[in-house]
Undergrad: 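The structure under discussion is supplied below as structure tokens; questions concerning it will follow.
It should be emphasised that the depicted structure is a prediction, and the values quoted were computed from it without experimental measurement.
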Amino acid sequence: MNRRYGNAQTIGSNVYQNTYFMTKQLRDGFLAVLADGTIDSVTGAYGAILACESIAKGMTAVEGAELERQFAHAASLLHERLYKGRMPRMSVLAACFAGESVVYRSVGELSLVNFDGRHLTMMEGEAGQMEKRGRLTLLCSPGIWQALSEIDVEKLLSGSGHPYKKAQNMIEAVNRRNLKDQRSALAVIVA
């Protein structure tokens with residue numbers, strides 16, 4: 001099943017863009033991966049890219065127990081390529097969309113939010129499954145929540161329009177806040 005999605009990001013007051021994302025059409029679903037290097041350095045930026053690529057490489061299908069094995073393989077690749085035995089300074093979120101459900105794994109401060117047209121439902125815990133009861137799912141970095149309230153996000157996700165335009169509007173709203181210490185912000189919206 002092909003999904004419509006859109007993305008936008010801003011560097012905020014950082015020197016380096018330390019957030020990154022990838023999407024991938026799977027045999028029976030859709031994968032979105034976000035990473036936030038959390039530190040304003042080239043290392044943070046490269047780490048975010050490597051995290052997304054490692055996870056996307058490990059995922060090929062969304063099928064129950066097979067999904068668990070693929071997440072474990074992706075984590076192993078990430079550990080081998082990036083962490084090298086050290087604790088990561090990174091946030092990573094992977095979400096697999098299949099039918100009307102979303103299976104996710106998260107480490108760090110990234111958010112997964114379902115929007116039903118009126119209310120936001122946030123993911124709970126580092127791993128789980130949520131029904132995609134609404135029209136849109138937002139995957140985002142902490143820079144979104146630094147600048148925007150829940151009500152702001154609901155307004156930006158409301159109405160018709162392509163997810164790409166909604167993501168662009170969200171980042172424009174973040175930039176309009178013009179916060180002195182604005183973190184980099186990344187929004188990926190999946191319909």
Undergrad: Could you list all the side-chain hydrogen bond (donor to acceptor under 3.5 Å, both in side chains) pairs where at least one residue sits in residues 149-158, not counting sequence neighbours?
TA: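 Every pair satisfying side-chain hydrogen bond (donor to acceptor under 3.5 Å, both in side chains) with a residue in residues 149-158: S149-D152, D152-R177.
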Undergrad: Go through the structure and list residues passing side-chain contact (heavy atoms from CB on, under 4.5 Å) with A185, not counting sequence neighbours.
TA: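 If we apply the side-chain contact (heavy atoms from CB on, under 4.5 Å) test to A185, skipping adjacent residues, the hits are T10, S141, I144, I171, V174, Q182.
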Undergrad: What is the minimum heavy-atom distance between R105 and G128, and which atoms define it?
TA: NH1-N, 3.7 Å
Undergrad: Using a strict 4.0 Å threshold on nitrogen-to-oxygen distance, state whether R183 and E109 make a salt bridge.
TA: yes
Undergrad: Nearest heavy-atom pair of L186 and Q9: which atoms, and what distance?
TA: CD1-OE1, 3.2 Å
Undergrad: Name all residues meeting the side-chain contact (heavy atoms from CB on, under 4.5 Å) criterion together with R176; count only those two or more places apart in sequence or in a different chain, and write none if there are none.
TA: E172, A173
Undergrad: Roughly how far, to the nearest 0.5 Å, is the OH atom of Y20 from the CG atom of N7?
TA: 10.5 Å
Undergrad: Just wondering, do L112 and M130 contact through their side chains at under 4.5 Å, heavy atoms?
TA: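 Yes - at least one pair of side-chain heavy atoms lies under 4.5 Å apart.
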Undergrad: Looking at W145 and L120, what are the two nearest heavy atoms and their distance?
TA: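 Here W145 and L120 meet closest at CH2-CD1, 4.2 Å.
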Undergrad: For L157 and M170, work out which heavy atoms get closest and say how close.
TA: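 Closest heavy-atom pair between L157 and M170: CD2-CE, 4.0 Å.
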Undergrad: If we ignore angles and hydrogens, is there a donor and acceptor under 3.5 Å between the side chains of D36 and T19?
TA: no
Undergrad: Considering all heavy atoms of both residues, which atom of K166 and which atom of L136 are nearest to each other, and what is their separation?
TA: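 What the structure gives for the nearest pair is CD-CD1, 3.7 Å.
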Undergrad: Does any part of the side chain of H119, heavy atoms only, come nearer than 4.5 Å to the side chain of F115, both counted from C-beta?
TA: no
Undergrad: List in chain and number order the residues that pass side-chain contact (heavy atoms from CB on, under 4.5 Å) with S101, two or more places apart in sequence or in another chain; answer none if no residue qualifies.
TA: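 Checked S101 against side-chain contact (heavy atoms from CB on, under 4.5 Å); matches are Q129, E131.
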Undergrad: If every non-hydrogen atom of A95 is compared with every non-hydrogen atom of L139, which pair is closest and at what distance?
TA: CB-CD2, 3.8 Å
Undergrad: To the nearest 0.5 Å, tell me how far N114 CG sits from T137 OG1.
TA: 4.5 Å
Undergrad: Test Q146 against L179 for side-chain contact (heavy atoms from CB on, under 4.5 Å), laying out the working first.
TA: CA-CA 9 Å; Q146 179 189 18; L179 298 177; 4.0 Å; yes
Undergrad: Apply the test side-chain contact (heavy atoms from CB on, under 4.5 Å) to residues L138 and V153: give CA-CA distance (whole Å), side-chain angles for both, the deciding distance (0.1 Å), then the verdict.
TA: CA-CA 10 Å; L138 168 67; V153 171; 3.8 Å; yes
Undergrad: For a 4.5 angstrom cut-off between non-hydrogen side-chain atoms, does L93 reach V33?
TA: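 When only atoms from C-beta onward are counted, V33 and L93 do not touch, as no gap falls below 4.5 Å.
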Undergrad: Looking at residues at least two apart in the chain, or sitting in another chain, which of them share a side-chain contact (heavy atoms from CB on, under 4.5 Å) with T23?
TA: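 side-chain contact (heavy atoms from CB on, under 4.5 Å) check on T23 returns Y5, F21, F30, A32.
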